[in-house]
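One structure is given below, encoded as structure tokens.
Note that ligands are numbered from 1 as they come in the structure, with each ligand's atoms numbered from 1 the same way. Here, residue 1 is the first one in the sequence, and each next residue gets the next number.
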Amino acid sequence: MQGLMQDWPLTVDKILDHAKAWHGGREIVSRSVEGPIVRTTYAEIHERAKRVSNALLGLGILPGDRVATLAWNTGRHIEAWYGIMGMGAVCHTLNPRLFAEQLVYIINHADDRIIITDLTFVPVLASIRDQIPGVKHIIVLSDEAHLDGSLPGALAYETLVENASADISWGGFDENTAAGLCYTSGTTGNPKGVLYSHRSNFLHTLVTMGSDVLGIKATDTVLPVVPMFHANAWGLTFSAPAVGAKLVMPGPKLDGASVHELLETEGVTFSAAVPTVWQMLLTHLRTSKGTLSTLKRVVIGGSAVPEAIVRGFRDEYGVDVTHAWGMTETSPLGTQATPNYAISQMDAEQQLQFKLKQGRAPLGIELKLVDDDDKPLPHDGTTFGRLKVAGPFVVGEYFRAEGGKILDQDGFFDTGDVATLDEHGVMQITDRAKDVIKSGGEWISSIEIENIAAGHPKAELAAVIGVVHPKWDERPLLLVKLKTGEAATKDEFLQFLDGKIAKWWMPDDVVFVDEIPLGATGKIDKKLIRERMKDYVLPPAAGVASGAVALAAPPEPKIYAPEPEPEPVVEPGHEDDAWLHWTPDAAQSVDRSRREAPAAPADHVEAPADAQLPFRGR
Ligand code: AMP
């Protein structure tokens with residue numbers, strides 16, 4: 001028997017309709033790419049988004065066509081986004097931090113018909129224009145006066161909007177219609193497209209509005225630093241209009257001073273970004289003696305939040321940090337580290353330990369922790385396993401991918417993350433499956449070591465990778481980028497780690513580097529680090545950290561250890577794809593002069609003759 005309620009398709013145009021109807025005067029403030037701060041409202045954005053739909057129809061776009069955006073977080077980007085989705089086309093958010101070759105691949109793979117771009121990205125589009133023949137038009141998010149002719153045929157967004165009618169009906173199609181497309185950053189193989197539906201976006205919005213998730217309200221002023229081109233700004237450009245919150249869009253300026261200026265001048269109460277952005281803000285606040293007079297909450301995700309950031313916000317500025325985990329494939333929010341009742345009864349220091357974990361699953365997300373044979377692992381907070389996830393806003397298959405099936409027999413998607421779940425159902429990521437260091441059959445969490453090392457007062461950033469070791473298979477190597485003007489020794493860092501991690505987790509070496517590369521989504525780019533460090537050889541005394549800590553042998557293998565990740569498959573014709581063959585250009589940035597070479601201990605194991613390649617091929 002069917003229910004007898006109204007058939008009201010869950011399409012995202014209804015979100016902006018709602019914002020216009022009930023919060024029409026609420027402001028959207030943008031730092032424009034041209035420079036000035038621009039103020040608009042949900043009512044104006046709604047009207048202009050409808051004009052965008054008509055302009056796109058006029059340029060030949062049909063429902064289902066992909067229209068790409070290559071743009072910062074601004075009010076215009078929101079107009080384009082709703083204008084595309086409202087008429088039933090697919091909004092493909094391109095990540096401008098990708099290499100030009102990656103953009104070409106993604107644009108052609110998605111078969112984008114139009115690209116709507118900010119002025120910032122006109123040069124890169126001009127350089128690849130002849131390699132993306134399927135793109136019929138490029139629209140520049142500006143006026144005629146700002147078009148410099150470098151992209152022949154480019155259209156001015158403002159002219160199109162001005163000349164188009166706002167008379168168009170949105171929606172009216174099946175809620176499972178595709179709405180958005182976002183490619184994962186492609187840490188192995190080619191980037192993969194996640195094709196969101198109206199229904200998945202709508203449900204994700206409802207779930208993230210919950211007070212144990214993002215919990216934003218009509219009275220909030222929300223600054224999404226997290227870009228719309230990275231997993232839909234964690235859904236904030238849906239959830240803010242859904243509740244009628246004021247939106248502050250930071251445009252191209254994401255440095256500490258610029259973000260701080262907007263936080264203060266616009267009275268921001270809630271913000272969201274990856275840890276590196278918050279680290280830049282805290283550094284700026286401390287050096288400028290700045291204050292945060294309105295900010296109450298920040299959500300941090302994308303990579304693990306370091307304890308120093310949580311404490312810094314809490315103790316110095318009275319701002320509450322909530323840690324979140326997710327991925328492009330989960331729309332993106334998967335878990336949020338808000339306390340359950342039992343955790344809320346603990347003292348502040350105990351609660352903080354739970355804040356550092358990645359959090360609990362909201363309704364709509366199912367989690368499973370399994371070994372390689374898909375056997376469930378205990379939720380004891382210590383056993384590592386593969387994290388799998390299912391739900392109505394989790395990817396079912398990739399767009400136009402070969403091989404098709406990506407779910408297990410129970411319909412769960414393997415996240416590629418290695419995690420623990422504790423007795424409260426709180427999940428903690430211990431590593432990416434391909435980054436976990438396998439030493440003597442045991443696992444070492446690279447993330448845990450780098451988070452602690454990043455808390456050293458002289459460290460700006462830290463990264464840990466596995467280095468092939470003749471006896472233990474792999475051993476951890478710590479790379480540190482020091483704060484400007486600081487100098488440090490390897491022993492200072494090893495002493496700092498001593499007592500905070502198991503002795504056999506202690507890195508075999510510490511290398512000071514000028515740069516720790518971040519990938520297109522702001523995360524530490526381990527793949528590039530491994531590439532840059534491919535000629536690195538452990539010091540002869542690997543296993544004994546000079547003067548500091550003696551390495552204990554790893555215990556006998558007893559826990560789950562996965563099969564190594566398969567080598568990425570290079571599709572014919574893509575052998576030269578840049579992201580599979582990055583040219584290391586900064587191995588020189590490693591300051592080897594600071595590396596100590598202590599004498600080999602008696603039980604030192606000589607490297608086998610084939611140890612010229614110190615890293616496993618990955
Ligand atoms: P992306 O699809 O680019 O957003 O990347 C998703 C991946 O980022 C996840 O599978 C995790 O490996 C990582 N990630 C996201 N949030 C966190 C977090 N809070 N802590 C640790 N890793 C995270």
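- Using a 4.0 Å cut-off to heavy atoms of Ala324, the atoms of ligand 1 that qualify are 16 (N), 18 (C), 19 (N).
- Not close to ligand 1: Thr184, with no non-hydrogen atom less than 4.0 angstrom away.
- Under 4.0 Å is where a charged nitrogen must lie from a carboxylate oxygen, and between Lys481 and Glu450 no such pair does.
- Side-chain N/O atoms of Ser446 and Lys526 include a donor and acceptor closer than 3.5 Å.
- Listed by atom number, the atoms of ligand 1 under 4.0 Å from Trp325 heavy atoms are 9 (C), 11 (C), 14 (N), 15 (C), 16 (N), 17 (C), 19 (N), 23 (C).
- Each of the following atoms of ligand 1 lies closer than 4.0 Å to a heavy atom of Met327: 2 (O), 4 (O), 6 (C), 10 (O).
- Considering every non-hydrogen atom in both Val225 and Pro250, the closest pair reads CA-CG, 4.2 Å.
- Within ligand 1, the atoms closer than 4.0 Å to a non-hydrogen atom of His323 are 18 (C), 19 (N), 20 (N), numbered from 1 in the order shown.
- Against a heavy-atom cut-off of under 4.0 Å, Thr328 is close to the following atoms of ligand 1: 1 (P), 2 (O), 3 (O), 4 (O).
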Could you go through the side-chain hydrogen bond (donor to acceptor under 3.5 Å, both in side chains) check for Ser439 and Trp504 one step at a time?
-> CA-CA 9 Å; Ser439 184; Trp504 62 275; over 6 Å; no
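- Heavy atoms of Pro332 come nearer than 4.0 angstrom to ligand 1 in no pair at all.
- For atom 15 (C) of ligand 1, the nearest non-hydrogen atom from the set Ala419, Gly301, Gly326 belongs to Gly326.
- For ligand 1, the atoms lying closer than 4.0 Å to a non-hydrogen atom of Gly302 are 8 (O), 13 (C), 14 (N), 15 (C), 16 (N), 17 (C), 23 (C).
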Asp417 vs Arg432, salt bridge (Lys or Arg N to Asp or Glu O under 4.0 Å): CA-CA, chis, key distance, verdict | CA-CA 4 Å; Asp417 284 328; Arg432 287 294 290 170; 2.8 Å; yes
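- The aromatic rings of His109 and Tyr105 lie parallel to each other, their planes meeting at an angle below 30°, with 60° marking the opposite boundary.
- Residue contacts with ligand 1, taken as heavy atom pairs separated by less than 4.0 Å, do not involve Ala231 at all.
- Checking side-chain atoms of Ser258 against main-chain N and O of Leu254 turns up no donor-acceptor pair under 3.5 Å.
- Remark: the Tyr196 side chain and the His204 side chain contain no N/O donor-acceptor pair separated by less than 3.5 Å.
- Residue Gly416 places no heavy atom under 4.0 Å from ligand 1.
- At under 3.5 Å, not a single nitrogen or oxygen of Ile447, backbone or side chain, sits near a nitrogen or oxygen of ligand 1.
- Each of the atoms 18 (C), 19 (N), 20 (N), 21 (C) of ligand 1 lies under 4.0 Å from some heavy atom of Gln358.
- Under the 3.5 Å distance criterion, with hydrogens and angles disregarded, a donor-acceptor pair is assigned to the side chains of Gln409 and Asp374.
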